[in-house]
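Working notes for the structure below.
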Amino acid sequence: MNGLDRMAAVAATEFRLALRNRWVLLSTLVFTLFALALAFLGSGPSGALKADALTLTAASLSTLTVYLVPLMALLVSYDSIAGEIERGTLALVLATPVKRGELVLAKFCGHLAVLTLAIAVGYGIAGLVIAVVHGANPAGLVAWGRLVATAVLLGAVFVALGMLLSSLPRQTGTAAAMAIGAWLVLVVLYDLALLGAVIVDQGGVFTKTIFPALVLANPGDAFRLYNLALIESNAPIAGLDGLAHTLPFPVSSALVVLALWLFAGLAGAWALTRRIRP
Amino acid sequence: MSDAILSVEDLTIRFGAVTAVDGVSLAVAPSERVALLGHNGAGKSTLFKTVLGFLTPTGGRIDVAGSTPGSDAARRAVSYLPEQVVFPKALTGAEVLTYFARLKGVSPEAALPLLDTVGIAAAAHRAVGTYSKGMRQRLGLAQALIGSPRLLLLDEPTSGLDPVSRREFYEVLEASARAGTAVLLSSHSLSEIENRIDRIAIMARGALRAEGSLAELSRRAGLPIRIRVEAAAGRADAVHARLGGERVNGRSVVLTCRADEKVGALGRLADLGADVVDVDIALPDLDDVYRHYSAATDEGAAR
Ligand SMILES: Nc1ncnc2c1ncn2[C@@H]1O[C@H](COP(=O)(O)OP(=O)(O)OP(=O)(O)O)[C@@H](O)[C@H]1O
Ligand SMILES: [Mg+2]
């Protein structure tokens with residue numbers, strides 16, 4: 001009981017801090033604006049496709065989400081342990097009866113609450129506007145809901161990874177650099193490297209067997225494949241996303257991958273914080 | 001000492017080649033206030049962190065409230081104020097206190113009056129970012145007092161406080177010590193803790209150099225007492241001839257003697273009758289005492 005109250009105190013404080021320093025507002029705005037921009041600018045739905053606006057935007061937004069959500073998740077969490085070491089509050093906190101595992105899990109919950117609120121409100125507003133302007137069908141609403149739910153799961157993975165990185169160095173500056181590095185590698189470079197390999201391989205063994213597994217192993221790609229595979233659409237999808245309809249695994253395996261990443265991230269963060277001498 | 005809330009025995013802590021704490025033994029009993037003094041890098045903070053269970057001793061043992069450092073029971077018994085702590089600027093003082101109360105399993109209602117105890121109740125609902133350094137330090141103390149801990153570990157709690165704040169700070173400590181809390185605090189100044197602390201332990205280069213009450217330490221240091229005698233007009237030479245010592249400016253003679261010779265010297269002064277106009281006794285300065293034990297250190301290290 002005490003442990004739960006301690007965790008509630010930690011999570012509530014993290015959330016309150018994010019509210020006070022405008023993080024909640026800022027991230028909600030970012031998600032709203034990007035989702036709306038995607039829906040109404042550039043290659044927005046036209047003519048006969050209008051009824052499918054939600055579905056189509058969900059498909060394109062899933063690609064943007066792969067960049068945006070991990071970035072926001074890392075930004076909200078990179079400071080959480082290293083920052084407390086730097087400011088001296090970790091020594092204070094760890095002198096109280098709170099356990100390190102409780103601290104990690106509670107901070108994770110606090111950060112994830114911030115991110116969930118931002119995603120739900122941001123994408124919610126955008127979805128509402130699209131539905132009002134273009135109309136909506138059940139399939140579109142389902143696709144949108146799935147997008148929001150899996151975006152939160154993707155966010156959870158990267159909040160956990162951000163906390164893991166935050167438990168490594170003693171300075172927030174280093175933690176920030178590592179978070180940006182992790183984002184670049186996992187979200188940008190990983191896909192580029194795989195695409196490069198596929199081009200070099202020219203349809204060989206790598207492309208047929210290892211490549212799909214490697215794509216699915218990446219949390220961002222797993223998220224995107226899951227959403228695209230479940231969207232009934234004949235809109236052309238290119239690059240890695242072509243895999244969405246030819247994946248040699250059941251679609252749900254993407255969720256398993258995300259869950260594994262989440263678990264590994266939290267376990268890693270916990271293991272690392274146990275070694276910290278505040 | 002079996003009734004001690006904190007007992008440290010032959011504690012040694014090494015960081016690679018650096019021996020930060022070197023065979024220190026120390027005990028603190030309930031209601032006792034002990035000050036840990038020592039130069040920068042003497043090992044005070046390291047000792048605190050080991051008592052909290054953050055560092056593992058290389059040798060020796062520590063017992064906190066009958067448990068090992070860092071254990072559940074030990075954490076419940078101990079409160080800590082680190083040397084440098086920056087509370088989240090966006091939170092108010094009351095929110096910071098509520099947060100730590102909940103971490104310690106104490107009801108926030110019971111903790112919030114502590115803001116009044118340390119004198120910052122008026123700023124309770126202001127962001128910590130607007131606090132002066134002294135106010136932040138007071139908030140730190142309030143945080144440490146939550147739940148009436150059995151042992152208070154305060155690492156340089158008065159650095160940066162003005163003299164009035166310092167006095168109030170020690171008054172708060174005295175009140176909690178009277179209620180049974182054992183206090184171990186570190187400091188750099190002996191004069192600051194005069195009359196406010198029961199016992200002093202002086203550390204240098206990781207080792208404990210001296211321990212005892214201030215009076216004991218002064219006596220053991222055996223530093224000379226200076227007695228300045230002002231003679232009546234034209235009688236300085238006569239006084240000097242009778243007492244010895246040193247002639248300074250026209251009318252004064254300065255004697256130096258050990259503490260146990262003081263009474264004898266004053267007796268001889270009394271015999272001089274009207275030749276003596278005024279007497280001024282200067283006991284060894286507290287900083288002299290502190291320096292004495294530090295100097296002993298340097299010899300010890302050279303040997
Ligand atoms: N994590 C560490 N790694 C290596 N050396 C350390 C570490 N922590 C402390 N030391 C060393 O141990 C010694 C004691 O440091 P400590 O911080 O305990 O001193 P202190 O008495 O608190 O000094 P101050 O009055 O300056 O606060 C110093 O020589 C310091 O450099
Ligand atoms: Mg120190």
Side-chain angles (χ1 to χ4, degrees), chain A residues 1-26 76 79-107 109-111 114 167 170-172 273-278, chain B residues 13 15 45-46 48-56 64 69-92 95-108 111 127-129 136 139-140 143-144 146-147 149 151-156:
Chain A
M1 205 52 227
N2 264 343
L4 280 183
D5 190 56
R6 289 195 291 262
M7 289 176 63
V10 173
T13 301
E14 289 295 340
F15 190 83
R16 178 173 286 145
L17 281 171
L19 270 182
R20 297 269 163 86
N21 63 26
R22 308 271 191 282
W23 237 103
V24 174
L25 184 69
L26 182 77
V76 83
D79 185 50
S80 74
I81 305 287
E84 289 224 30
I85 296 180
E86 205 170 272
R87 292 187 293 274
T89 41
L90 191 67
L92 209 46
V93 168
L94 291 181
T96 73
V98 75
K99 305 211 172 20
R100 296 183 185 207
E102 290 171 1
L103 191 69
V104 168
L105 201 57
K107 275 176 171 277
C109 291
H111 298 321
V114 173
S167 317
R170 295 186 73 85
Q171 292 84 22
T172 46
T273 44
R274 276 164 56 88
R275 305 186 329 170
I276 290 177
R277 298 158 158 194
Chain B
I13 299 149
F15 298 106
S45 300
T46 305
F48 282 148
K49 286 178 189 168
T50 317
V51 171
L52 288 161
F54 296 160
L55 301 172
T56 317
V64 181
S71 67
D72 247 9
R75 286 197 204 191
R76 254 183 269 282
V78 180
S79 249
Y80 176 47
L81 179 60
E83 203 167 1
Q84 288 183 341
V85 55
V86 184
F87 293 113
K89 289 189 177 62
L91 296 182
T92 68
E95 284 168 345
V96 168
L97 215 58
T98 302
Y99 177 54
F100 283 101
R102 290 179 70 185
L103 289 186
K104 294 178 185 194
V106 173
S107 88
V128 173
R136 289 198 297 268
L139 179 61
Q143 171 280 137
I146 291 173
L151 172 63
L152 263 179
L153 292 178
L154 310 171
D155 201 352
E156 293 184 32

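These numbers come from the heavy atoms of this one structure, side chains and all, not from hydrogens, waters or symmetry mates. Reminder, nothing fancy here: chain letters follow the sequence lines and each chain counts from 1. This one's a predicted model, so the numbers in the text were calculated from it and none came from an experiment.
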Seminar exercise, completed: Taken to the nearest 0.5 Å, the spacing of A:Asn2 CG from B:Arg102 CZ works out to 11.0 Å
Exercise. For the residue pair A:Leu92 and B:Leu81, what are the closest heavy atoms and their distance?
Worked result: CD1-CA, 4.4 Å
Exercise. Looking only at atom types and distance, does a side-chain atom of B:Arg75 sit under 3.5 Å from a main-chain N or O of A:Ala95, one as donor and one as acceptor?
Worked result: no
Exercise. Non-hydrogen atoms of chain A under 4.5 Å away: do they reach the side chain of B:Leu55, the backbone, both or neither?
Worked result: side chain
For this session: Please report the closest heavy-atom contact between B:Pro82 and A:Gly88, naming both atoms and the distance.
Result: CG-O, 4.0 Å
Exercise. In Å, rounded to the nearest 0.5 Å, how long is the span from CZ of A:Arg20 to OG1 of B:Thr92?
Worked result: 6.5 Å
Exercise. Given the options B:Leu91, B:Val78, B:Leu52, which has more heavy-atom pairs under 4.5 Å with chain A than any of the others?
Worked result: B:Leu91
For this session: Apply side-chain contact (heavy atoms from CB on, under 4.5 Å) to the pair B:Phe54 and A:Ile276, showing each step before the final yes or no.
Result: CA-CA 8 Å; B:Phe54 296 160; A:Ile276 290 177; over 6 Å; no
Under 3.5 Å, which donor-acceptor pairs link side chains of residues 11-18 of chain A to any protein atom two or more places apart or in another chain?
from, atom 1, to, atom 2, distance (Å)
A:Thr13, OG1, A:Ala9, O, 2.8
A:Glu14, OE2, A:Lys107, NZ, 2.5

For this session: Give the C-alpha distance, both sets of side-chain angles, the deciding distance and a yes or no for side-chain contact (heavy atoms from CB on, under 4.5 Å) between B:Asp72 and A:Lys99.
Result: CA-CA 9 Å; B:Asp72 247 9; A:Lys99 305 211 172 20; 3.4 Å; yes
Problem set entry | chain A contact via B:Glu95 - side chain, backbone, both or neither, heavy atoms under 4.5 Å | side chain
Problem set entry | Structural part of A:Leu94 lying under 4.5 Å from a heavy atom of chain B | both
Exercise. Relative to chain A, which segment of B:Lys89 carries a heavy atom at a distance below 4.5 Å: side chain, backbone, both, or neither?
Worked result: neither
Seminar exercise, completed: With sequence neighbours left out, the residues meeting side chain to side chain donor-acceptor pair (under 3.5 Å) with A:Thr273 are none
Problem set entry | Step-by-step side-chain contact (heavy atoms from CB on, under 4.5 Å) determination, A:Thr96 to B:Tyr80 | CA-CA 8 Å; A:Thr96 73; B:Tyr80 176 47; over 6 Å; no
For this session: Taking all heavy atoms of A:Pro97 and all of B:Lys104, pick out the closest pair and write down the distance.
Result: CD-CA, 3.9 Å
